[in-house]
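Structure, as structure tokens:
Side chains are part of it too, since the values below use all heavy atoms of this structure and drop only hydrogens, waters and symmetry mates. Please read all numbers here as calculations on a predicted model, not as lab measurements.
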Amino acid sequence: SAVEIMKAAARPVHPPSNIPLDKTDLPFFVNVIAEFARAQWTDHAREGAAMLARTMNDLNREQQELRLEGFISVRANGTTVENPRARAVKSLTGDILSLRRSLGVNQRAREEAHNTANKTAIGKSIEANNVLDDGLIARPQ
């Protein structure tokens, strides 16, 4: 198992090709991927991570726009109404929480999945001390 983790630690986790990400989505993807050891990222989990990253970026963009526009909009007839963007922000926030639960990124999922947390810690420890990264062994590029 340690050998498999070391092998996985040697290769980066890329976004899946079937979930296109913009350049602005990538920092979010990198942060999500960092939550677990590289060996734990299956193709399906990477898809979820990419969707989470995209949604986080969308939320960030919508929140910035909402701050500029304000939470209350004024209609042409002068009446005030909640900015429709506020509903989009709420919806995106719910989507993020759901995706985080699905991936097991949230704190409660980690507490309930004690074995997974231990596996993550062991995997990250092995990655940090990976002897393959010392530059003495040639690797295919």
Test item: [X] side-chain N/O and [Y] main-chain N/O as donor-acceptor pair under 3.5 Å:
{"X": "W41", "Y": "I33", "result": "yes"}
{"X": "T55", "Y": "M51", "result": "yes"}
{"X": "T93", "Y": "V89", "result": "yes"}
{"X": "Q40", "Y": "A37", "result": "yes"}

Contact between [X] and [Y] at the side-chain level, heavy atoms closer than 4.5 Å - yes or no?
{"X": "R54", "Y": "P20", "answer": "yes"}
{"X": "T79", "Y": "V74", "answer": "no"}
{"X": "I72", "Y": "N83", "answer": "no"}

Self-check item: Basic-acidic side-chain contact under 4.0 Å: E62, K90
Solution: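 So E62 does not pair with K90 through a salt bridge.
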
If you compare all heavy atoms of [X] against all heavy atoms of [Y], which two are closest, and at what distance to 0.1 Å?
{"X": "A86", "Y": "E82", "result": "CB-OE2, 3.5 Å"}
{"X": "I19", "Y": "A50", "result": "CG2-CB, 3.5 Å"}
{"X": "F29", "Y": "V13", "result": "CE2-O, 3.7 Å"}
{"X": "P15", "Y": "L26", "result": "CG-CD2, 3.9 Å"}

Quiz prompt | side chain to side chain donor-acceptor pair (under 3.5 Å) between D22 and T24, intermediate numbers included | solution = CA-CA 5 Å; D22 294 335; T24 56; 4.7 Å; no

Practice problem: Mark yes when over 12 heavy atoms from residues, nucleotides or ligands other than M56 sit less than 6.0 Å from its CE; otherwise mark no. | Solution: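 For M56, atom CE is crowded (more than 12 foreign heavy atoms under 6.0 Å).
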
